[in-house]
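Side-chain atoms are counted along with the backbone in the values below, which use heavy atoms only and exclude waters and symmetry mates. Along the sequence shown, residues are numbered consecutively beginning with 1.
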Amino acid sequence: MKGARYRIVAAHDADIGLNAVQSYVLQENAHFVFNIQTTNAGNKYGELVLDKELDREEQQELKLLLTAVDGGSPQRSGTVFIHVTVLDANDNAPVFSESVYTASLQENSPLNTPVIRVSASDADEGINGEITYEFSRLSEKSKKLFSLDEKTGEIVVTANIDYEEGSKYELMVVAKDGYGLSSEAKVVIDIVDVNDNTPEIIVKSLSSSIPENAPPGTEVGIINVQDRDSDKNGQVRCSIQANAPFKLVPS
């Protein structure tokens, strides 16, 4: 945090009095300032004080030049480089490559068919940057149909996909790093219809017999035809036996 202090071992000067070390000068930099402290015995030492918080993802190390100056005439000085290594803190959450992923999947796809792979990155390093994936707020139906590899982020099919039972699925995926920072993305899976249903003929009403002199246009029966598939796969054409004295009239 800003204000953190790091004591610097005092410079040594064999002279005494004014000819000994009188002050320190830290080369101007973006993060640290230098404070001089005096002990009860009158000895001076310095502290590096953090003036602006560090970010390892922007700069992993700093080199500071510190100069110790005595009070003699001519004035003499000594310098030292302070090498600061910035250690990683878990200050970055995983970031998905996309906020919404979309995929298309044919119904009746075999088990373990890959659907899509989500991907997130974390600017931290080590365990702070290790990412695992899991579903969030998943419906019981979706839990049976899809599984997610916690390491690779790949989603695969785990049960039979039927367009007629669901044409679209929305899954929420969470990416977590080693210490629990997380982010979320949506996966939208559109199911593609396959012509896997045969038309079903339902007889609503039917005259068991008709007189031979019934006039043309007499209604003999009412039938209904349904196909559970969609679009062109659900469009049906009806016909009756050739040369029969009947015709179909759409209603």
For a side-chain contact (heavy atoms from CB on, under 4.5 Å) check, start with the C-alpha distance between I161 and L145, then their side-chain angles and the critical distance, and finish with the verdict. CA-CA 7 Å; I161 305 292; L145 298 178; 3.9 Å; yes
Verdict with supporting geometry, Y24 and V69, side-chain contact (heavy atoms from CB on, under 4.5 Å): CA-CA 6 Å; Y24 294 87; V69 182; over 6 Å; no
Any chance you could lay out the side-chain contact (heavy atoms from CB on, under 4.5 Å) test for E107 and E165, step after step, and finish with the verdict? CA-CA 10 Å; E107 66 171 329; E165 293 184 1; over 6 Å; no
Under the criterion side-chain contact (heavy atoms from CB on, under 4.5 Å), I'd like the reasoning laid out for V157 against V115: C-alpha separation, chi angles, the key distance, then a yes or no. CA-CA 7 Å; V157 174; V115 180; 3.8 Å; yes
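Using cut-offs of 30° and 60° on the angle between ring planes, the pair F146 and Y169 is perpendicular. The aromatic rings of Y133 and F96 sit tilted, their planes meeting at an angle between 30° and 60°.
At distances below 3.5 Å, at least one donor-acceptor pair connects side-chain atoms of T158 with backbone N or O atoms of K144. Judged by distance alone, with hydrogens and angles left aside, the side-chain atoms of Q60 form no donor-acceptor pair with the main-chain N or O of E58 at under 3.5 Å. Here the side chain of S142 pairs no donor or acceptor atom with the backbone of S139 at under 3.5 angstrom. S183 places a side-chain N or O within 3.5 Å of a backbone atom of P94 that can act as its donor or acceptor partner.
To the nearest 0.5 Å, atoms CG (D91) and CG (L54) are separated by 10.5 Å. Distance CD1/I189 to CG/L171: 4.5 Å, rounded to 0.5 Å. The distance from the OG atom of S147 to the CG atom of N112 is 7.0 Å, given to the nearest 0.5 Å. Atom CD of residue E53 and atom CE of residue M1 lie 5.0 Å apart, to the nearest 0.5 angstrom. Atom OG of S119 is separated from atom CZ of R117 by 8.5 Å, given to the nearest 0.5 angstrom. With values rounded to the nearest 0.5 angstrom, L48 atom CG is found 9.0 Å from Y6 atom OH.
Here V236 is tied into one hydrophobic group with I201, V225, each link being a pair of ILVMFWY side chains closer than 4.5 Å.
Surrounding NZ of K141 are more than 12 heavy atoms belonging to other residues, nucleotides or ligands, all under 6.0 Å away. Q75 CD: more than 12 foreign heavy atoms inside a 6.0 Å radius. Crowding of I16 atom CD1: a count of heavy atoms from other residues, nucleotides or ligands under 6.0 Å not exceeding 12. Within a 6.0 Å radius of NE2 in H83, other residues, nucleotides and ligands contribute more than 12 heavy atoms.
Residues L105 and L138 fall within the same hydrophobic cluster, defined by Ile, Leu, Val, Met, Phe, Trp and Tyr side chains chained together at heavy-atom separations under 4.5 Å. Hydrophobic clustering of Ile, Leu, Val, Met, Phe, Trp and Tyr side chains at less than 4.5 Å, counting indirect connections, keeps L18 apart from V21. Criterion: ILVMFWY side-chain heavy atoms under 4.5 Å apart, direct or through other members. Under it, L111 and V192 are not part of a common hydrophobic cluster. In the hydrophobic cluster analysis, where Ile, Leu, Val, Met, Phe, Trp and Tyr join through side-chain heavy atoms closer than 4.5 angstrom, I36 is grouped together with V80. When hydrophobic clusters are built by joining Ile, Leu, Val, Met, Phe, Trp and Tyr residues whose side-chain heavy atoms come closer than 4.5 Å, directly or via intermediates, L206 is grouped together with I210.
Residues passing the side chain to side chain contact (heavy atoms under 4.5 Å, CB included) test with A123, sequence neighbours excluded: E57, N92. Take D88 and apply the salt bridge (charged side-chain N to carboxylate O under 4.0 Å, His left out) test, not counting sequence neighbours, and it matches R56. A search for salt bridge (charged side-chain N to carboxylate O under 4.0 Å, His left out) contacts involving E130 returns nothing, not counting sequence neighbours.
When all heavy atoms of P114 and V156 are compared, the closest pair comes out as CA-CG1, 4.0 Å. Taking both residues in full, the closest heavy atoms of A185 and Y101 are given as CB-CE1, 4.0 Å, listed atom of the first, atom of the second, then distance. Of all the heavy atoms in P250 and L248, the pair that sits closest is CD-O, 3.9 Å. Scanning all heavy atoms of the two residues, the minimum distance from K168 to I191 falls at N-CG1, 4.4 Å. In this structure, N19 and D13 approach most closely via the heavy-atom pair O-OD2, 3.2 Å. Closest approach of R5 to N35, counting heavy atoms only: NH1-ND2, 3.5 Å.
Among L64, L66, D51, the single residue meeting the side-chain contact (heavy atoms from CB on, under 4.5 Å) criterion with F32 is L64.
Here the side chains of N160 and N108 are in contact, with some heavy-atom distance below 4.5 Å. A heavy-atom distance below 4.5 Å is not found between the side chains of V84 and K63. The side-chain heavy atoms of I223 and V203, taken from C-beta on, include a pair separated by under 4.5 Å.
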Which atom pairs, donor and acceptor, lie under 3.5 Å between side-chain atoms of residues 172-179 and protein residues at least two apart or in another chain?
residue: D177; atom: OD1; partner: N90; partner atom: ND2; Å: 3.4
residue: D177; atom: OD1; partner: Y179; partner atom: N; Å: 3.1
residue: D177; atom: OD1; partner: G180; partner atom: N; Å: 3.0
residue: D177; atom: OD1; partner: L181; partner atom: N; Å: 3.0
residue: D177; atom: OD2; partner: N90; partner atom: ND2; Å: 3.4

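Sorted by first and then second residue, the side-chain hydrogen bond (donor to acceptor under 3.5 Å, both in side chains) pairs involving residues 211-228 (not counting sequence neighbours) are N224-Q226.
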